[in-house]
Colleague: 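Here it is, the structure in full.
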There are 2 protein chains.
Amino acid sequence: SIGPTVAALLGDHRSGRSTPTETLRRTLDLVEARGSDGTWITVVDRPTALARAAALEADAEARLLPLYGVPFGVKDSIDVAGWPTTLACPAYAYTATTTAPVVQRLLDAGAVLVGKTNLDQFATGLNGTRTPYPVPRSVYGGDLISGGSSSGSAVAVAVGEVPFAVATDTAGSGRVPPALNGVLGFKPSRGLLSTVGLVPACRSLDCISLIGTAVEDLRTVFGVMVGLDERDPWTRPRVRWTSSVEDLVVGLPDPAELSFFGDAPMAAAHHAARARVQELFGTSTPSLQPFLQAGELLYSGPWVAERLVEFGDFLAEHPDDVLPVVGQIISGGGRFSAADVFRAQYRLAELRAVVARVFTRTDVLVLPTVGTTFTVPEVLADPVTTNTVLGHYTHFANLLDLCAVAVPAGLTADGRPASLMVLGPALSDDQVLAVAARIALTD
Amino acid sequence: SIGPTVAALLGDHRSGRSTPTETLRRTLDLVEARGSDGTWITVVDRPTALARAAALEADAEARLLPLYGVPFGVKDSIDVAGWPTTLACPAYAYTATTTAPVVQRLLDAGAVLVGKTNLDQFATGLNGTRTPYPVPRSVYGGDLISGGSSSGSAVAVAVGEVPFAVATDTAGSGRVPPALNGVLGFKPSRGLLSTVGLVPACRSLDCISLIGTAVEDLRTVFGVMVGLDERDPWTRPRVRWTSSVEDLVVGLPDPAELSFFGDAPMAAAHHAARARVQELFGTSTPSLQPFLQAGELLYSGPWVAERLVEFGDFLAEHPDDVLPVVGQIISGGGRFSAADVFRAQYRLAELRAVVARVFTRTDVLVLPTVGTTFTVPEVLADPVTTNTVLGHYTHFANLLDLCAVAVPAGLTADGRPASLMVLGPALSDDQVLAVAARIALTD
């Protein structure tokens, strides 16, 4: 039930086949019809959205805007002036007084904000169950988790309420939920999309990310949002790439290095998708070990203390207002010393150097986005182990300064979504999107 | 009493005006004559050095080597196979089984190792008094400190024993001692000289550095040592620069931002040297504040915990074998948490971004290397405050990923050495050396 793409909506709005008002009415009808399904934390009120659509229609020049009348959602860890920012923690919520510059660029481009989407509390989780609001489910049913932390952003796109949503990605939050809902998740290189106005999870790793249903849409929306921002210390310029996708070398690790955690149908779906990649590209066989070792560093290392920098004071003052599993994870950051951080960063520097050499012989890497899926009861029964499994292939990307796109890649024999993840070195965003587009075409 | 330059020795050796054997004899005579002055911790034995010189002379092709028969010293925190590495801590000392690759490149280029030079213990200090061996003094007399931690390396060059020495620089160790001894100190950009075989002080910041008496010598020796090393995670390629030094914009901060700690003669000497720089270059007036704020971060922040990573176990097992002031500083790293490191790194990221913008309008910055000098009794009476003052202008360079050269810049009215420091962004080593050469010519 994926809805019209950004490109389709723009074509309709510009040609007059439909109007922003009609699109917004349809969107809000759909949101209302689904009710309290855990997708949205705050939804725009109908008169405001329709007034915005009408204003766009009344402005003769607005029709030329790159996102004229396109509805979108924003993860509720990102500020929009006048809206509450909750981080899925009502006691933490505050009303934002400024709008994150990446969101402002979308609004300035004619996009219409539909609402703020649900997330794992404090963006701490990859499973989507860690919320005091209703727990969203995957659109594939069977009580499958939506994935997290950008749970609502992925579901809103997957059910066709909005053609794209703004999410975030620290350890996989922008890739796992799209993988579990059959849509695209693009985590650009760190520093291309300003993180100003985002409440940090791990500030040294956080990225703004995009969820959508067509690679061309991701390119359009990314093109609107990208830009240097002096207020973001990690800001850096985009690098444009104009060569031919056919010439790229795609790294596919030895299958023996891939883990599917006993999920044979997922392994089969992955290998079928991988076979199509092998027909499309010249390939190499880099070892997955330095990537997984970096992921292990994130999972077991001191970066969790970054969450303590942001939420430590709140947690100390409001211990009962935080979900127990989230509180335990964040307070776990207190067990690491300064020396632990430096030690882990030395190891990371070594792994980064190894990975840099991998990417001299390989342009992009293609992996499963997730090795298996879980149901909501499975995650609630064992919230930490399941979460770690979900991050097996996503944990390392930001530590290693990579960019990535999760691409739908068919279904398992039992009807669950498979997803390929295309990963490249920093600033290879154009290449990674080009490979994703070629893979998506053949899906 | 500065000795012949590398260039002069090479000219003499190649033309036959003198031989490596004669040069080594003269060097060892000088070392012997000065006796236990705290310059050297271990000196090569005469037969070994003379055999090495004779072997070079017997090899017809050796004459073409870029450092044919040139004697040099190595700071005693860097491994040379078969030699003790002491770090100025006899209980810590071990006999190295491999040679640091940067030293090996010098040996392969025909240079002859004279010995391992004294240092502040564990390279922890900028003053030169923190050693259980005799405390070296500045060649300017008056009981002035040599500066540290590369104390012996600077003195060996300043008294003419060797034309260059290999040192290190974490917070100024490769610039303060040259400044206090009237010679040049070059701290290249991080990652150009392999740190393999160096016992780390702060591994994320440590650089191999060079001390010499002519910029052209620094270029020659650096050219021999530079090169990628896959074993060094921070390795990166040199960037060559071939434009004209006359076109560079030199940043000179507002004099009100400079501190001389009440040392009016030093302030006068600096301003006289600065006036010559203003005649040589187009100038800008960047604020010194982001640089000093980064220095303050190093001085008061969690990076000291890096020393604990390296020396913590030794310190715990041998508390009585470490100088009290060094032991106190290193164990002070234990007071910082993981969250403290991330918090400081966020602040550093902000300052790095500000400094990157400074260097879009300014090519290099010229500052005092040190704001004042101290005598040995002054440092012993107040070892921490004096050390902090010595690092006022040097603390920030490695945190901000800069390169730097300390250049002799005349004397104070009371006969103490002044030094200008040329600083540039990462990989601007050629520019920084070119500016240093132009300043040195007019000194």
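In what follows, every heavy atom counts, from backbone to side chain, and hydrogens, waters and symmetry copies are set aside. Naming: A, B, ... by sequence-line order, numbering from 1 per chain.
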Colleague: What's the shortest heavy-atom distance between Ala305(B) and Ala339(A), and which atoms?
Modeller: CB-N, 3.9 Å
Colleague: Taking only residues two or more places apart in sequence, or in another chain, which ones meet Ser149(A) in a side-chain hydrogen bond (donor to acceptor under 3.5 Å, both in side chains)?
Modeller: Lys75(A), Ser173(A)
Colleague: Where on Trp234(A) is there a heavy atom nearer than 4.5 Å to chain B: the side chain, the backbone, both, or neither?
Modeller: side chain
Colleague: Examine whether an atom of Arg357(B) lies under 4.5 Å from a heavy atom of chain A, and if so say whether it belongs to the side chain, the backbone or both; otherwise answer neither.
Modeller: side chain
Colleague: Does atom OH of Tyr92(B) have more than 12 heavy-atom neighbours, drawn from other residues, nucleotides or ligands, at distances under 6.0 Å?
Modeller: yes
Colleague: Counting only heavy atoms not in Asp313(B), do more than 12 fall under 6.0 Å of its CG?
Modeller: no
Colleague: With a cut-off of 6.0 Å (strictly less than), are more than 12 heavy atoms of other residues, nucleotides or ligands near CZ of Phe314(B)?
Modeller: yes
Colleague: Can you list the residues of residues 342-356 of chain A that sit under 4.5 Å from chain B, counting heavy atoms only?
Modeller: Phe342(A), Arg343(A), Gln345(A), Tyr346(A), Ala349(A), Glu350(A), Ala353(A)
Colleague: Heavy-atom distance under 4.5 Å to chain B: side chain of Arg335(A), backbone, both or neither?
Modeller: neither
